[in-house]
Amino acid sequence: IFISYFRFVLTILIGRIDNAKFNPDDPSSQFITFSNMTSVYSCICQCSIYSNCTLVNYNSSSQRCSLLSAQRSQGNLQFI
């Protein structure tokens with residue numbers, strides 16, 4: 001699951017694309033990965049903690065949540 005995360009003054013816009021993974025052009029833009037993340041919603045909550053988090057990759061099978069600081073134009077979507 002690929003999720004884009006946009007912060008506005010009082011609201012957060014979340015775009016979700018199932019069966020997709022974002023591959024950033026710059027691998028260092030993936031700044032933290034969590035294991036044993038039980039839901040995509042928990043992953044989104046982790047993203048909201050970090051001000052530089054703009055994108056999330058969540059794998060429900062492995063329960064891995066990766067937070068990224070990249071724009072959608074700085075990489076590509078891989079459909080899985």
Side-chain angles (χ1 to χ4, degrees):
I1 297 172
F2 161 73
I3 297 169
S4 57
Y5 185 87
F6 300 96
R7 295 172 197 268
F8 293 104
V9 175
L10 296 174
T11 61
I12 297 170
L13 174 64
I14 297 173
R16 176 177 170 165
I17 301 173
D18 291 328
N19 302 316
K21 178 184 176 189
F22 181 77
N23 295 313
D25 294 335
D26 179 4
S28 68
S29 66
Q30 180 174 315
F31 65 91
I32 193 164
T33 300
F34 297 98
S35 310
N36 301 317
M37 190 70 54
T38 56
S39 75
V40 67
Y41 304 107
S42 298
C43 190
I44 292 168
C45 287
Q46 289 299 319
C47 185
S48 70
I49 294 171
Y50 296 91
S51 62
N52 60 333
C53 182
T54 55
L55 302 172
V56 170
N57 281 328
Y58 178 73
N59 185 313
S60 59
S61 299
S62 64
Q63 295 186 331
R64 291 178 60 90
C65 170
S66 299
L67 306 183
L68 299 104
S69 61
Q71 300 303 313
R72 287 185 287 180
S73 61
Q74 297 174 315
N76 59 66
L77 280 179
Q78 173 187 356
F79 292 93
I80 49 178

Measure the [atom1]-[atom2] distance between [X] and [Y] for me, rounded to the nearest 0.5 Å.
| X | Y | atom1 | atom2 | result |
| --- | --- | --- | --- | --- |
| F34 | Y58 | CZ | OH | 12.5 Å |
| I49 | I44 | CD1 | CD1 | 12.5 Å |
| C47 | N52 | SG | CG | 8.5 Å |
| S73 | D25 | OG | CG | 8.5 Å |
| N59 | S35 | CG | OG | 11.0 Å |
| F22 | Q78 | CZ | CD | 12.0 Å |

| Heavy-atom check, side chain of L68 versus side chain of V56, under 4.5 Å | no

| query | Under 3.5 Å, is there a donor-acceptor pair between the side chain of Y50 and the main chain of I32? | reply |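 No, the answer is negative, given that no donor and acceptor are paired below the 3.5 Å cut-off.
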
| said: Donor-acceptor pair, distance only, cut-off 3.5 Å: does the side chain of S66 make one with the backbone of T33? | reply: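 Flag not set: sc S66 to bb T33 has no pair under 3.5 Å.
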
| said: Please evaluate residues Q74 and D26 with respect to the criterion side-chain contact (heavy atoms from CB on, under 4.5 Å), reporting the C-alpha separation (whole Å), side-chain torsions for both, the decisive distance (0.1 Å), and the verdict. | reply: CA-CA 8 Å; Q74 297 174 315; D26 179 4; over 6 Å; no

| Could you go step by step and tell me if F79 and L77 meet the side-chain contact (heavy atoms from CB on, under 4.5 Å) rule? | CA-CA 6 Å; F79 292 93; L77 280 179; 4.2 Å; yes

| Heavy-atom closest pair, residues R72 and L55 | CG-CD2, 3.9 Å

| field | S42 to M37 - nearest heavy-atom pair and separation | value |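 Distance-wise, the nearest heavy atoms are CB-SD, 3.3 Å.
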
